[in-house]
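First the proteins, then the strands, lettered A, B, ... as listed; each starts at 1.
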Number of protein chains: 2
Amino acid sequence: MAKLDPALDMAFAALSDPTRRRILERLARGPATVSELHAVHDMSLPSFTAHLKKLESAGLITSKKEGRVRSCALSPEAFAPVQDWLAEQRALWQGRLDRFDAYVTQISEERKP
Amino acid sequence: MAKLDPALDMAFAALSDPTRRRILERLARGPATVSELHAVHDMSLPSFTAHLKKLESAGLITSKKEGRVRSCALSPEAFAPVQDWLAEQRALWQGRLDRFDAYVTQISEERKP
DNA sequence: ATCAAGCTTAGCCATATGGCTAAGTAATCA
DNA sequence: TGATTACTTAGCCATATGGCTAAGCTTGAT
């Protein structure tokens, strides 16, 4: 519905990177610290934290620093707009299909009698 | 599931731009020519066709040139991997929630007797 | 008081992205 | 044939993205 939706832009952009999707997959199983998340990624820490930052500014994760440790958690509700947009697309397309069906049906009805 | 999925990368990246989402929303209602699609976008034609190219290389639309006119159509099946990934995420997250519920239930059970 | 752990900041680099104009090509129309 | 339509290609530009290293800064442990 929204003509211009920067939140949606950022969410989709954040999801377009495989490193970031892996991070989300990990966080779906529960919170983790930056170091824990970084451990399985063959990448420098600064590069890695840039990905976390992007996920956080897209609203897909939250993080909080306690002492010298930052822990991250998924923000599952942030996925809703994305899924909603896709669902709406599907509905539009389905609507078109249904109307096409109706049209075909109508044509064949008209040819019968 | 796929550790590395360039198709998913490209689909999400294609969806991260508002111009491209508007194009998809239009195409969900039915096919259209490049000119028709371009008409409602305040942008030069070359810039606009670059968006179409990106959508097409992400597999989200197809196009075919007949004479001097190129017409574009949605490829609805290309949305499946995207929706599947999101659904899987949701499932992971839900699984975690359920296990947490079970844990809480177990704890309260243990306190009762 | 030192040292180590766990990030963070700063700066650099290469490539990608998203926009433009100007010029080119191919198909239809008059 | 000549003009017009409908893109297409080429080239330029600014900013964003994704990677790096080196140095800094808290916090926690010794």
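Of all heavy-atom pairs between L92(A) and R29(B), the closest is CD2-NH2, 3.2 Å. Scanning both residues, S16(B) and R21(B), for their nearest heavy atoms gives C-NH1, 3.7 Å. Minimum heavy-atom separation, A28(B) to Q89(A): CB-NE2, 3.9 Å. When all heavy atoms of C72(B) and V34(B) are compared, the closest pair comes out as SG-CG2, 4.3 Å.
Around atom CZ of R90(B), no more than 12 heavy atoms belonging to other residues, nucleotides or ligands sit under 6.0 Å away.
Taking atom CZ of R20(A) as the reference point, atom P of dA16(D) lies 15 Å away to the nearest angstrom. A straight line from NZ of K54(A) to P of dT8(C) spans 18 Å, rounded to a whole angstrom. Put simply, NZ on K64(A) is 20 Å from P on dT26(D), counting in whole angstrom units. Atoms CG (D9(A)) and P (dA16(D)) sit 14 Å apart, rounded to a whole Å. Here dT8(D) presents its C1' atom at 9 Å from CZ of R70(B), a figure rounded to the nearest Å.
The backbone N or O of E36(A) sits less than 3.5 Å from a side-chain atom of T33(A), completing a donor-acceptor pair. Not a single donor-acceptor pair under 3.5 Å links the side chain of S47(A) to the backbone N or O of M43(A). In this structure a side-chain-to-backbone donor-acceptor pair under 3.5 Å is present from R22(A) to V40(A).
When the nearest nucleotides of DNA chain D are assigned to T49(B) and D17(A) by heavy-atom distance, the more 5′-ward of the two goes with T49(B).
For the pair H51(B) and dT17(C), the criterion of a side-chain N or O lying under 4.0 Å from OP1 or OP2 is not met. Within the 4.0 Å cut-off from OP1 or OP2 of dT8(C), at least one side-chain nitrogen or oxygen of K65(A) is found.
Within residues 30-42 of chain B, no residue has any heavy atom closer than 4.0 Å to DNA chain C.
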If you restrict it to nitrogen or oxygen atoms, what contacts under 3.5 Å exist between nucleotides 21-28 of chain C and the protein, and what is each distance?
unit_1: dA27(C); atom_1: N3; unit_2: R68(B); atom_2: NH1; d: 3.4

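Relative orientation of the F12(B) and W85(B) rings is perpendicular, given thresholds of 30° and 60° on the angle between their planes.
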